[in-house]
Amino acid sequence: MKRSSIVVLAFVAAACAASWYVLAGSPAPAASAHQGPGAGELVILAPDGSPAGFCPLEHTSVRAEISGFLSRVTLTQRFGNNSSGPVEAVYVFPLPDSAAVDRMTMKVGDRTVLGKVKRREEARAIYEAARNAGKAASLLDQERPNIFTQSVANIMPGETIDITISYVEILAYDDGTYSFVFPMVVGPRYIPGQPAGKAGGGWAADTDQVTDASKITPPVAVPGTRAGHDISLEVVIDAGVPILDVSSALHDVDIQRTSNRSATVALKSKNALPNKDFVLKYSVAGGKIADAVLSHRNGGEGFVTMILQPPGRIAAEDVTSRELVFVVDTSGSMSGFPLEKAKETMNLAFEALRPDDTFNLITFSGDTAVLFPEPVPASAGNLAKARSFLDGRRAGGGTEMMAAIRTALDPSDRQNHVRIVCFMTDGYVGNEAAILAEIQRHPNARVFSFGIGNSVNRFLLDRMAVEGRGEVEYVSLSDDGSAAARRFAERVQNPLLTDISIDWGGLQVVDAYPSRVLDLFSAKPMVVVARYTSPGRGTVRIRGKQAGSEIVREVAVDLPAVEKSHDTLRALWARQKIEDLERQDYSGTRDGNPRADIQAAITELGLKYGLMTRFTSFVAVEEMVINRGGEIRRVEVPVEMPEGVAYDGVFGDEGVDAKRKLHAGRGQAGGFGSGAISTNRAPRSKAPLSARPVEQESAGDKSSSDGPVPLRDPEPGHRAKLDSVLKAMVDASRSGTVDVQIFFSDLSPATRKELSKLGVEILFEPRSGRILIARVQVARLELLAKLSSVSYIAEYRD
């Protein structure tokens with residue numbers, strides 16, 4: 001591959017690297033009939049500028065077979081080459097992070113080669129040796145649990161190579177409805193840190209914080225063009241019980257009801273644009289999933305999966321006030337409709353707050369803005385300030401999530417009550433491991449994540465909720481935000497079941513996952529996978545607390561000596577164990593230096609059970625030499641921009657200028673900013689931001705459209721501690737008293753004595769420990785502001 005080669009889509013550049021591309025203006029030949037009328041094709045250009053062929057990935061076909069709560073998904077990627085020389089295609093694509101990828105085959109002509117799982121380094125060496133020897137070869141690597149790279153070498157002129165990948169997973173289920181999700185595109189990630197070379201072909205450089213950034217940022221088609229490949233999808237459902245309703249929120253589908261318990265669902269368009277998640281939901285009769293205990297044993301070790309219906313929700317008597325912190329992503333990728341949908345959902349969540357709750361609001365992009373120094377009571381006045389502040393936010397800049405994570409979670413370490421933190425984001429960041437490791441450090445907080453958009457980073461959002469012992473919710477751009485806000489309010493007020501434990505009753509069960517059973521907040525079944533060393537029968541007891549009372553569920557379990565069916569349980573168990581090991585090493589993943597014991601354990605599991613992991617890959621080699629010259633051209637397959645994500649919000653206005661984009665992006669770290677692919681700026685502070693409030697801006701102030709309001713002192717001296725309303729009262733020498741919110745850096749007995757001397761009447765003391773709602777003489781406001789322990793004073797309106 002020549003370092004000087006670049007990629008152009010149509011009349012503008014996309015960030016492919018290796019060959020020239022241009023949008024063909026003439027009709028596509030019959031061989032490319034998948035291209036829709038009027039749409040553009042990507043073609044490879046020879047060094048002299050003449051057309052040499054089409055983009056190698058032609059089509060992806062997906063077939064999912066669902067039986068009960070298990071799905072087997074098979075996808076076939078067809079790579080073709082209409083150029084004059086051999087091509088190596090590199091395609092970065094998503095799969096569900098919970099998928100157990102256990103099969104890969106390569107078909108070259110009429111010859112099919114079964115892929116083998118090898119250690120990642122060994123698989124890479126085998127692939128490169130085959131590529132250099134002129135053999136057709138394919139390599140499947142995992143970059144993230146939900147991001148994979150398919151490399152296909154020596155696609156000969158006029159030939160096609162089909163790569164078929166298969167995985168199994170357990171379907172999501174909530175309150176009578178199953179969900180099947182197939183992600184179609186890797187969204188653009190914000191990459192923090194300083195550039196540190198480039199190992200892959202993505203638009204971002206590797207950095208000291210995201211060491212593989214160039215492998216997870218595939219080139220993106222610019223506005224007015226398309227990536228040149230499409231997708232078809234079919235789902236065959238055998239629910240086992242009557243199906244009531246089938247729907248697809250984001251795609252037009254054909255639905256055939258083959259019986260009252262089965263259906264076939266297919267995309268209406270056989271050449272759909274792969275730019276958003278496919279989300280299929282279907283409800284079943286009875287509104288409850290049937291309890292199920294499945295087992296498999298065909299040798300020395302057995303596997304068991306239990307899926308248990310949760311108890312019904314009952315009203316909780318505990319009405320203790322809560323502390324909630326809302327965090328909203330206002331980065332460039334949220335520009336436009338995504339941010340408006342987040343605001344809609346956020347405002348509806350405000351409505352569910354109780355008067356004795358306390359709350360705060362944080363927004364983040366390149367900078368982080370905090371509305372109040374401490375959580376404040378959910379009074380009408382404070383909620384009005386929050387709505388006004390939120391309404392003024394505009395999207396722009398990079399997704400510097402770490403500063404927001406620390407700002408929201410650090411205070412929970414200094415208090416004896418649980419802080420509930422709700423994050424609203426698309427999750428388009430490359431430093432997922434660092435964020436998850438940070439959440440693990442704060443056990444006294446519950447994290448609820450809201451994925452806003454049509455192709456969000458579900459791996460990050462799912463794991464944020466797991467590590468934060470909360471729940472995840474997804475809001476597409478066509479969803480009703482009120483339903484999501486209502487579910488959130490219900491969950492934080494009244495969990496279904498807490499403090500869950502499992503007693504296996506003497507059965508020889510080992511390695512049960514999840515190793516930490518999370519509290520249940522919604523009507524989702526409890527899913528447990530385990531391995532057993534010897535057969536037996538017994539009673540398993542699941543204990544938990546509901547509304548303060550202990551409940552016990554008994555389940556009869558038969559672990560057979562031989563059970564040849566349900567062989568997918570092996571892969572599902574191994575995938576859960578791998579996920580548990582990954583949780584133990586987020587810091588190692590973040591630093592690119594995994595713990596040796598964790599790496600060895602994951603590698604062993606991948607090799608033994610034939611699974612894709614961070615450290616094992618699939619490789620397939622056709623032994624016949626088909627490229628005797630040995631020369632090959634590498635092509636990075638571009639992807640679509642996710643639907644609803646603004647191209648200029650991610651890459652800047654310059655992103656549509658080919659020369660400016662290529663020169664700005666080459667060799668730099670990728671990130672969301674005002675530039676095309678700009679060098680990242682370090683966050684202003686890695687520590688939590690100071691407890692200085694954001695001054696409310698007038699409706700006519702246009703500066704808020706430029707980004708988050710900076711945290712600042714409106715004026716020097718003690719008067720900086722008074723909000724504008726209180727300063728006006730002081731300046732007007734108003735008499736009488738005023739109700740205020742007083743924020744403290746220190747609320748010690750000595751401070752309370754000073755307050756008493758000033759005649760401060762305490763009306764309410766939120767449990768955060770550093771705020772008081774009080775009544776004070778207007779004439780004494782300045783004296784109050786002069787106390788060194790007072791950080792800020794604002795008017796309080798109930």
Next on the checklist: Tell me the closest heavy-atom pair linking P642 and G187, and the distance in Å.
Outcome noted: CG-CA, 3.7 Å
Checklist entry - Is the side chain of R144 donor-acceptor paired with the backbone N or O of G430 at a distance under 3.5 Å, no angle test? => result yes
Checklist entry - Can any side-chain N or O of K341 pair as donor or acceptor with the backbone N or O of G453 at less than 3.5 Å? => result no
Item to check | Proximity of F764 and Y796 rings by center, below 6.0 Å | outcome: no
Item to check | Closest heavy-atom pair and its distance - A404, V327 | outcome: CB-CG1, 4.0 Å
Checklist entry - Any idea which heavy atoms bring R469 and P443 closest together, and the distance? => result NH2-O, 2.6 Å
Checklist entry - Closest heavy-atom contact between V185 and P94? => result N-CG, 3.4 Å
Checklist entry - So which of S333, S331, S455 actually passes side-chain hydrogen bond (donor to acceptor under 3.5 Å, both in side chains) with D426? => result S333
Checklist entry - In terms of the angle between their ring planes, are Y173 and Y178 parallel, tilted or perpendicular, with boundaries placed at 30° and 60°? => result perpendicular
Checklist entry - Can you name the nearest heavy-atom pair linking D254 to K268, along with the distance? => result OD1-CE, 3.3 Å
Item to check | Rounded distance [0.5 Å steps], CZ in R458 versus OG in S449 | outcome: 11.0 Å
Next on the checklist: Test your reading of the model: is there a side-chain donor-acceptor pair from N360 to the backbone of F372, 3.5 Å cut-off?
Outcome noted: yes
Checklist entry - Any salt bridge between E471 and R487, counting N to O under 4.0 Å? => result no
Checklist entry - Between F521 and P495, what is the shortest heavy-atom contact and its length? => result CE2-CG, 3.8 Å
Next on the checklist: Less than 4.0 angstrom from a charged side-chain N to a carboxylate O is my criterion; do R463 and E432 meet it?
Outcome noted: no
Item to check | Note: K281-D479 ion pair, threshold 4.0 Å (strictly below) | outcome: no
Next on the checklist: Test: salt bridge (Lys or Arg N to Asp or Glu O under 4.0 Å). Region: residues 444-456. Which pairs qualify, not counting sequence neighbours?
Outcome noted: R446-D519
